[in-house]
Participant: 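Sending over a structure as structure tokens; questions will come in a sec.
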Number of protein chains: 2
Amino acid sequence: MTGRAADSIVHTITARIHSGALAHGDLLPAERDLMAEFEVSRTVAREAVRILSSQGLIKAKPRHRPVIRKAGFGAAFDAAGSIVDNLLQQPGGVHNLFDTRIMLEAALVREAALSAGKKDIVNLKTALAANGAAIDDNDQFYQTDQQFHAVLYDIPGNPAYPAIHRAYTTWLAPQWGQMPRLADRNRINFASHTAIMDAILLRDPDAAEAALRSHLADAWDQVRLTFGDI
Amino acid sequence: MTGRAADSIVHTITARIHSGALAHGDLLPAERDLMAEFEVSRTVAREAVRILSSQGLIKAKPRHRPVIRKAGFGAAFDAAGSIVDNLLQQPGGVHNLFDTRIMLEAALVREAALSAGKKDIVNLKTALAANGAAIDDNDQFYQTDQQFHAVLYDIPGNPAYPAIHRAYTTWLAPQWGQMPRLADRNRINFASHTAIMDAILLRDPDAAEAALRSHLADAWDQVRLTFGDI
DNA sequence: AAGCATTTTTGGTACGACCAAATAATGATC
DNA sequence: GATCATTATTTGGTCGTACCAAAAATGCTT
């Protein structure tokens with residue numbers, strides 16, 4: 001019983017989630033039940049709930065019973081979310097994050113060029129077509145743009161990548177969301193997507209990477225045009 | 001005044017940290033001072049401290065005044081740490097994580113081959129030499145092995161990458177730490193490092209990536225040999 | 001059976017109190 | 001006067017009770 005009493009409760013609940021006694025979607029016992037079960041004050045019970053929540057193991061909305069949330073890669077990024085938000089407000093923060101995105105997506109398109117399956121190609125083509133059809137609808141274009149990139153993150157079949165994509169889009173949304181949207185820019189972006197797609201179809205990783213880097217570098221230029229140096 | 005009262009305190013403190021009024025290393029006001037300043041109960045003041053702590057903005061040790069900790073990429077991964085630990089105990093969790101490491105390091109060595117500066121080359125050579133000199137000292141080899149990889153994460157000059165490297169080594173330590181260490185294996189790994197280094201010196205990204213992938217695939221085989229399919 | 005009003009549950013907050021560890025202040029000793 | 005041991009204060013950790021408001025469960029009326 002070193003340190004905080006809440007930690008032992010957290011430990012027990014965590015073990016319960018691991019063992020499956022508490023499954024995804026189950027409700028955590030109410031605070032008053034926890035204090036009875038663990039023989040602690042409500043202060044400690046609340047603290048335990050708060051910790052579990054900050055760790056992403058449960059989802060606690062005000063005045064609602066906390067819900068068990070099975071650990072996934074997405075939950076991991078959620079846990080990091082608030083601190084990343086702070087990070088992004090520091091000088092260079094957004095650029096550093098976007099830089100990692102460029103690097104990762106460059107690797108993803110190489111992977112796609114080398115080993116995309118028939119299903120992946122179909123998904124890419126579908127996403128690209130939807131993107132092209134939405135050039136005159138800014139909101140729709142924004143959606144399908146993200147969807148096209150999302151397909152790239154799906155190709156490796158590793159659940160970590162889609163979670164990373166969601167994290168990127170969430171964290172960078174404040175910038176993207178405020179950027180002016182114009183049909184002309186949509187056309188340019190669609191052309192970039194098409195170039196990436198073509199390179200993948202040609203199974204040319206170098207060309208795919210080059211097209212992707214050009215695309216994202218261009219996107220970054222737009223961010224700087226809108227926000228200045230950040 | 002929607003939702004939790006603690007959030008507004010968190011918001012104020014966060015703003016204070018951003019503005020520099022509270023700098024890295026400063027001590028947060030005591031809980032009893034916070035409740036006076038914000039005119040709330042100690043319950044709420046404590047909750048605010050806990051939230052700030054879970055967000056990594058402060059470091060709170062039991063019975064010590066909380067210390068301001070400027071948010072860094074490292075803190076973001078710390079926040080995600082406990083979830084990732086859970087995640088890794090699920091089937092395929094370790095593999096999925098290691099897979100992202102392979103992808104990222106492959107991208108890093110390509111980057112290194114294309115644009116490593118003189119300083120970077122020196123750092124790589126130094127790390128490689130230290131690694132080679134430690135072949136017969138398993139602990140030392142483990143250290144220098146990590147250090148060699150760390151240099152790769154330093155090359156882009158983006159603070160996110162070193163943080164990612166620390167996260168990988170921390171999260172995967174349970175596996176790596178339990179793996180048998182033999183001089184023969186050290187020799188193989190050192191040879192792999194040398195091959196990567198050579199490819200970088202030749203400015204050959206494809207060869208560098210191939211060498212890196214071979215190296216990490218081999219490392220994964222060792223993990224599976226030790227732990228079975230995980 | 002459907003709609004509505006009432007009771008119970010549940011999280012959010014407040015106040016007051018005590019403990020133990022850590023720190024600051026004090027005084028004794030050399 | 002500097003150093004060390006002792007006391008006083010600060011500070012976080014825990015407990016208990018109480019009240020509120022929103023949400024959920026319940027019961028009642030039609």
Side-chain angles (χ1 to χ4, degrees), chain A residues 1-14 16-17 21-69 75 78-79 81-82, chain B residues 1-14 16-17 21-70 75 78-79 82:
Chain A
M1 47 183 64
T2 65
R4 317 137 188 95
D7 286 341
S8 81
I9 301 181
V10 169
H11 188 271
T12 303
I13 304 278
T14 301
R16 234 169 253 183
I17 295 177
L22 288 173
H24 182 80
D26 284 356
L27 279 72
L28 199 69
E31 294 175 358
R32 288 168 177 84
D33 293 331
L34 287 177
M35 56 186 288
E37 185 179 339
F38 291 93
E39 295 178 325
V40 293
S41 73
R42 204 170 144 211
T43 310
V44 174
R46 277 182 64 78
E47 170 127 4
V49 171
R50 171 105 213 56
I51 293 175
L52 286 167
S53 177
S54 79
Q55 293 184 173
L57 286 170
I58 65 176
K59 188 79 176 178
K61 282 182 300 186
R63 280 170 241 296
H64 282 274
R65 293 275 292 282
V67 182
I68 306 297
R69 232 181 74 176
D78 286 350
S82 57
Chain B
M1 51 183 70
T2 66
R4 318 132 187 98
D7 285 342
S8 82
I9 301 181
V10 170
H11 188 269
T12 303
I13 304 278
T14 301
R16 235 169 253 183
I17 296 176
L22 288 174
H24 183 80
D26 284 355
L27 278 71
L28 199 70
E31 294 175 358
R32 287 168 177 84
D33 294 330
L34 287 177
M35 57 187 286
E37 185 179 339
F38 291 94
E39 295 179 326
V40 293
S41 73
R42 204 170 145 213
T43 311
V44 174
R46 280 180 61 77
E47 171 111 0
V49 172
R50 275 181 269 140
I51 293 175
L52 286 167
S53 178
S54 79
Q55 293 184 176
L57 287 172
I58 64 176
K59 188 77 177 178
K61 282 183 298 186
R63 291 181 188 76
H64 283 273
R65 293 278 291 283
V67 181
I68 306 298
R69 215 182 93 180
K70 193 170 57 187
D78 286 350
S82 54

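Chain A is the first sequence line, chain B the second, and so forth, proteins listed ahead of strands; every chain is numbered from 1.
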Participant: Rounded off to whole Å, could you give me the CG-to-C1' distance for the B/L27 and C/dA22 pair?
Facilitator: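 Computing the B/L27:CG to C/dA22:C1' distance gives 13 Å.
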Participant: Return the value, rounded to whole Å, for the distance between atom CD of B/E31 and atom P of C/dA22.
Facilitator: 16 Å
Participant: Heavy atom of residues 37-56 of chain A under 4.0 Å from DNA chain C: which residues?
Facilitator: A/R42, A/R46
Participant: Apply side-chain contact (heavy atoms from CB on, under 4.5 Å) to residues B/I51 and B/D7 and explain how you reach the verdict.
Facilitator: CA-CA 8 Å; B/I51 293 175; B/D7 285 342; 3.8 Å; yes
Participant: Return no unless some side-chain N or O of A/H64 is found under 4.0 Å from OP1 or OP2 of C/dT9.
Facilitator: no
Participant: Could you tell me the separation between the CZ atom of B/R65 and the P atom of D/dG13, rounded to a whole number of Å?
Facilitator: 13 Å
Participant: Between C/dT10 atom C1' and A/D33 atom CG, what is the distance in whole Å?
Facilitator: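 Going from CG in A/D33 over to C1' in C/dT10 covers 10 Å.
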Participant: Nearest 0.5 Å please: distance from the CZ atom of A/R50 over to the CD atom of A/E47.
Facilitator: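 Going from the CZ atom of A/R50 to the CD atom of A/E47 covers 9.5 Å.
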Participant: To the nearest 0.5 Å, tell me how far B/I17 CD1 sits from B/T12 OG1.
Facilitator: 11.0 Å
Participant: Without placing hydrogens or testing angles, list every side-chain donor-acceptor pair under 3.5 Å for residues 31-40 of chain B, not counting sequence neighbours.
Facilitator:
residue	atom	partner	partner atom	Å
B/E31	OE1	B/R42	NE	3.0
B/E31	OE1	B/R42	NH2	3.1
B/E31	OE1	B/R46	NH1	3.4
B/E31	OE2	B/R46	NH1	3.0
B/E37	OE2	B/R16	NH1	3.0
B/E37	OE2	B/R16	NH2	2.9

Participant: Using atom CG of B/L28 as one end and atom P of D/dT10 as the other, report the distance to the nearest whole Å.
Facilitator: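 Checked: the CG to P distance equals 18 Å.
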Participant: Would you please name every residue forming a side-chain contact (heavy atoms from CB on, under 4.5 Å) with B/T14, sequence neighbours left out?
Facilitator: A/N86, B/V10, B/H18, B/L52, B/L57
Participant: What integer distance in Å separates B/M35:CE from D/dT10:C1'?
Facilitator: 15 Å
Participant: To the nearest Å, how far apart are A/K61 NZ and C/dT10 C1'?
Facilitator: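 Interatomic distance, NZ of A/K61 to C1' of C/dT10: 14 Å.
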Participant: Below 4.0 angstrom from OP1 or OP2 of D/dT11, is there any side-chain N or O of B/R32?
Facilitator: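 No, because none of the side-chain N or O atoms of B/R32 sits under 4.0 Å from OP1 or OP2 of D/dT11.
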Participant: For the CD1 atom of B/I68 and the CG atom of B/L22, what is their distance to the nearest 0.5 Å?
Facilitator: 4.5 Å
